[in-house]
Amino acid sequence: MPDDGRGAGEVVLVALRGVVAMDGPSGTGKSTVSRRLAQSCGAAYLDTGAMYRAATLAVLRAELGEDTPPDRVVAVAIGRDLASGTDPACPTITLDGADVSAEIRGPEVTGLVSAVSALPEVRTELVARQHELIEKAVRDGSGIVVEGRDIGTVVVPDAPLKVYLTASPEVRAARRGRQDARAGREADLHVTLTDVERRDKLDSSRRISPLYAAADALVLDTDNLSADDVLARLRTLVAERGLEG
Ligand code: DC
């Protein structure tokens, strides 16, 4: 699946009612298809992973020592002004007013984000902020596509459409490698694969809100599907569930 963001000149064909929950591990093409689905429906889009990454960047910038108590790490992670823009054409994430969308994709943040996102107080705070953004989109009547790891299980357990994307670690690492290359970041496929597997393990085994497919999620293996294929499936599901506005 190409993983280069939205398709050019996305056409708004239907409107979306309510919330679409998109979960799955890294490199499954979640961001690409979530953004494109939101754009094609005139809906809002929320990348919850970017929020955990921005909180992790705040921790890195504070240069805390290894023996820093967890409550101090939590205070730093959630004590900064973190804002997420929900326009799928140009999703933004800022920390203290400055755009950090490129910096949060770097190897330092990627290396630490699973540890920071496993801290219960960090999750409680960020989930509360996610709820505010989701409730606003629903109130505004635009609907919202929300992507992450625990959207269908914890953040919006009553979402009318839940999709869980999967793909083999090798395919996901190759996609991540291409994304890194496009962004000008150096990437070694073996290192990327090791990192993908390491994060899968951490994200799936943490005590609070581990990564797994909700019982009522539609599981889609994207190994042999293009982004267009996945998008077409999602749009069919939106129509079948009566979520067209
Ligand atoms: O989607 P991503 O790779 O940008 O997410 C970065 C990390 O954030 C991921 O390793 C796990 C964490 N995460 C999470 O714990 N819960 C979410 N809803 C989204 C991301």
Side-chain angles (χ1 to χ4, degrees), residues 1-7 10-50 52 86 88 91 127 130-131 133-135 137-138 142-176 196 199-201 203-206 209-245:
M1 176 196 292
D3 40 20
D4 56 351
R6 70 194 173 97
E10 205 75 69
V11 180
V12 175
L13 294 173
V14 292
L16 177 68
R17 285 195 292 120
V19 181
V20 176
M22 298 287 298
D23 288 302
S26 129
T28 48
K30 273 193 322 286
S31 299
T32 302
V33 295
S34 298
R35 280 179 68 182
R36 287 182 60 185
L37 177 66
Q39 275 189 292
S40 73
C41 298
Y45 159 74
L46 180 61
D47 175 359
T48 60
Y52 289 99
T86 56
V127 168
Q130 290 158 20
H131 282 157
L133 293 164
I134 293 165
E135 278 157 21
V138 171
S142 66
I144 185 164
V145 180
V146 187
E147 67 151 299
R149 302 292 191 284
D150 59 344
I151 309 305
T153 51
V154 173
V155 180
V156 196
D158 58 353
L161 176 57
K162 302 178 186 178
V163 177
Y164 187 91
L165 298 183
T166 63
S168 66
E170 291 73 17
V171 166
R172 293 190 285 121
R175 287 178 186 154
R176 279 277 174 230
V196 160
R199 279 209 290 148
D200 283 357
K201 196 163 165 222
D203 295 343
S204 317
S205 63
R206 68 176 173 230
S209 306
L211 168 69
Y212 68 95
D216 53 350
L218 180 108
V219 179
L220 214 53
D221 183 336
T222 69
D223 262 9
N224 298 305
L225 295 178
S226 70
D228 286 347
D229 295 335
V230 178
L231 188 61
R233 290 290 296 276
L234 294 176
R235 294 177 58 94
T236 303
L237 286 162
V238 165
E240 282 174 0
R241 303 276 165 107
L243 301 179
E244 287 177 316

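Here, residue 1 is the first one in the sequence, and each next residue gets the next number.
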Approximate separation, where rounding is to 0.5 Å, of Thr48 OG1 and Met22 CE: 11.5 Å
Residue list, side-chain contact (heavy atoms from CB on, under 4.5 Å) with Ala137, at least two apart or on another chain: Ala44, Ser142, Ile144
Distance-minimising heavy-atom pair for Tyr45 and Ala38: CB-CB, 3.8 Å
Pairwise distance CG(Leu211) to NZ(Lys201) - rounded to 0.5 angstrom: 14.5 Å
Shortest non-hydrogen contact between Gly27 and Arg176, atoms and distance: N-NH2, 3.7 Å
Minimum-distance pair of heavy atoms, taken over all atoms of Arg175 and Gly29: NH1-N, 4.2 Å
Distance in Å, Asp229 CG paired with Thr222 OG1, rounded so as to fall on 0.5 Å steps: 10.0 Å
Interatomic spacing from OG in Ser26 to CG in Asp200 - rounded to 0.5 Å: 7.0 Å
Donor-acceptor under 3.5 Å (Arg17 side chain, Gly242 main chain): yes
For the student: nearest non-hydrogen atoms of Ala43 and Leu16, plus distance: CB-CD2, 3.7 Å
Qualifying side chain to side chain donor-acceptor pair (under 3.5 Å) pairs with a residue from residues 149-163, counting only residues at least two apart or across chains: Arg123-Asp150, Lys162-Asp216
From CA spacing to verdict: side chain to side chain contact (heavy atoms under 4.5 Å, CB included), Val155, Val19: CA-CA 11 Å; Val155 180; Val19 181; over 6 Å; no
Test side chain to side chain donor-acceptor pair (under 3.5 Å) applied to Asp221 - qualifying residues, sequence neighbours left out: none
Distance, nearest 0.5 Å, that separates CZ of Arg233 from CG of Leu165: 10.5 Å
Close side-chain approach of Pro25 and Arg199, heavy atoms under 4.5 Å: no
Which atom of Arg241 lies closest to which atom of Pro160, heavy atoms considered: NH1-O, 3.3 Å
Distance, nearest 0.5 Å, that separates NZ of Lys30 from CZ of Arg172: 8.5 Å
Contact check, side chains of Leu37 and Val238, non-hydrogen atoms, under 4.5 Å: yes
Residue pair Ala167 / Val171: nearest heavy atoms and the distance that separates them: CB-CG1, 4.4 Å
Note, Pro91 side chain near Asp47 side chain (heavy atom, < 4.5 Å): no
Residue pair Val156, Ile134: steps toward the side chain to side chain contact (heavy atoms under 4.5 Å, CB included) verdict: CA-CA 9 Å; Val156 196; Ile134 293 165; 3.8 Å; yes
